[in-house]
Structures are given as structure tokens and as C-alpha cells.
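Heads up, the thing below is written out as C-alpha cells.
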Amino acid sequence: MPYQKRIPPVKVDLSIEKFNYLVEMLTRYETTDNERIKELATKLKEKLLRYSIPRVTEEQEEFVDVRFYPNEASEIIYMLVANAEDIQIETNYYEVLLKVREKQKEASQNND
């Protein structure tokens with residue numbers, strides 16, 4: 001059976017600053033007491049440093065091409081949200097979500 005190249009489907013182009021921020025965030029999670037998060041952070045950090053591709057645009061702007069599998073992207077998003085504790089929440093977006101879902105439900109029932 002020939003070797004199959006499997007490229008992760010979730011692509012994110014990060015500036016050097018944002019790439020450094022992401023790796024730093026993972027580095028900090030490596031010291032957490034939560035063993036699952038600690039192992040995941042270590043694994044993702046190693047993957048980012050090994051497989052991310054530095055690129056340069058035609059305008060000579062440098063960025064990093066980062067790829068994730070969906071489960072990895074999900075874990076990264078969770079860690080980013082958990083790390084964003086200094087954001088002041090002024091709107092209850094969960095309530096907004098419930099209203100939007102209710103409107104969608106009503107609209108789909110009216111279309112049937």
C-alpha cells in the first residue's frame with residue numbers, strides 16, 4: 001500500500017507575533033495541574049514547532065502556515081477561551097444565541 005500524505009484540513013495563517021503568542025500560551029499550559037491539558041499542550045506545541053511552515057508573501061511579509069486536524073483546532077479554541085480571563089463581558093451572548101435559535105426554529109416551522 002503506497003504512503004498517503006494526509007494534510008490537516010484546518011489552515012490558519014498567523015503573523016509571527018500571533019504564532020509566538022500561541023506557542024507561549026501552550027508553554028504556560030504545560031505547567032498546569034490538569035494532566036490532560038498539560039499533555040495536550042505539550043503535544044500541540046511540539047507539533048506546531050515541527051510542522052508549521054514559515055512563508056513569505058509576494059510583498060515580503062512573513063507569516064506562519066499552521067495546520068490542525070478538527071479535534072486539535074477544538075482543543076486550541078478551548079485553551080484560548082480559557083486563557084482569555086481578562087475580557088470584560090458586557091452582553092449575555094448565550095441569551096442572544098437562544099433567541100436566534102428560537103427564530104430559526106420558528107422560521108423552519110413556518111416553511112414546512
Side-chain angles (χ1 to χ4, degrees):
M1 181 173 174
Y3 173 76
Q4 293 182 347
K5 183 177 179 183
R6 213 172 136 210
I7 298 174
V10 179
K11 179 183 180 201
V12 181
D13 291 334
L14 298 174
S15 67
I16 293 171
E17 178 185 2
K18 296 302 180 188
F19 177 77
N20 288 336
Y21 176 85
L22 180 59
V23 176
E24 179 65 27
M25 181 200 67
L26 292 171
T27 300
R28 292 181 184 187
Y29 273 117
E30 288 179 318
T31 62
T32 186
D33 292 336
N34 184 326
E35 284 299 317
R36 179 180 164 272
I37 296 294
K38 181 187 286 189
E39 289 177 21
L40 186 61
T42 300
K43 180 179 137 191
L44 288 171
K45 178 182 169 184
E46 289 172 0
K47 179 183 176 183
L48 283 172
L49 293 173
R50 182 174 184 163
Y51 295 110
S52 297
I53 303 170
R55 299 202 187 267
V56 179
T57 66
E58 292 177 5
E59 294 81 25
Q60 301 304 310
E61 295 173 358
E62 296 178 307
F63 68 97
V64 182
D65 179 347
V66 179
R67 302 267 180 162
F68 297 105
Y69 290 105
N71 62 323
E72 295 168 333
S74 173
E75 295 294 344
I76 289 281
I77 291 168
Y78 172 78
M79 287 187 232
L80 286 170
V81 170
N83 200 33
E85 296 171 355
D86 60 339
I87 295 175
Q88 296 295 329
I89 300 171
E90 298 176 10
T91 304
N92 185 343
Y93 291 103
Y94 180 74
E95 291 295 327
V96 174
L97 171 65
L98 292 176
K99 289 177 185 175
V100 169
R101 299 286 297 179
E102 187 61 35
K103 286 180 184 177
Q104 288 176 331
K105 184 177 177 182
E106 290 172 7
S108 79
Q109 288 175 348
N110 290 340
N111 290 336
D112 291 339

Hey, are the side chains of Glu75 and Phe68 touching, using non-hydrogen atoms and a 4.5 Å cut-off? no
With sequence neighbours excluded, residues passing side-chain hydrogen bond (donor to acceptor under 3.5 Å, both in side chains) with Glu24: Arg28
Tell me whether the count of non-hydrogen atoms from other residues, nucleotides or ligands lying under 6.0 Å of OH in Tyr78 goes above 12. no
Heavy atoms of other groups near Glu59 CD, more than 12 under 6.0 Å: yes
Roughly how far apart are [X] [atom1] and [Y] [atom2], rounded to 0.5 Å?
X     : Y     : atom1 : atom2 : answer
Glu61 : Ile16 : CD    : CD1   : 10.5 Å
Glu30 : Met25 : CD    : CE    : 10.5 Å
Leu22 : Ile76 : CG    : CD1   : 5.0 Å
Lys45 : Thr27 : NZ    : OG1   : 3.0 Å
Leu40 : Met79 : CG    : CE    : 4.0 Å
Glu62 : Ser15 : CD    : OG    : 11.0 Å

Leu26 and its side-chain contact (heavy atoms from CB on, under 4.5 Å) partner, picked from Leu49, Thr42, Ile37, Leu48: Leu48
Heavy-atom closest contact (Leu14 atom, Val66 atom, distance): CD1-CG2, 3.9 Å
For Val56 versus Gln60, what's the shortest heavy-atom pair and its separation? CG1-CA, 3.5 Å
Check ion pair Lys38-Glu35 (N to O, under 4.0 angstrom): yes
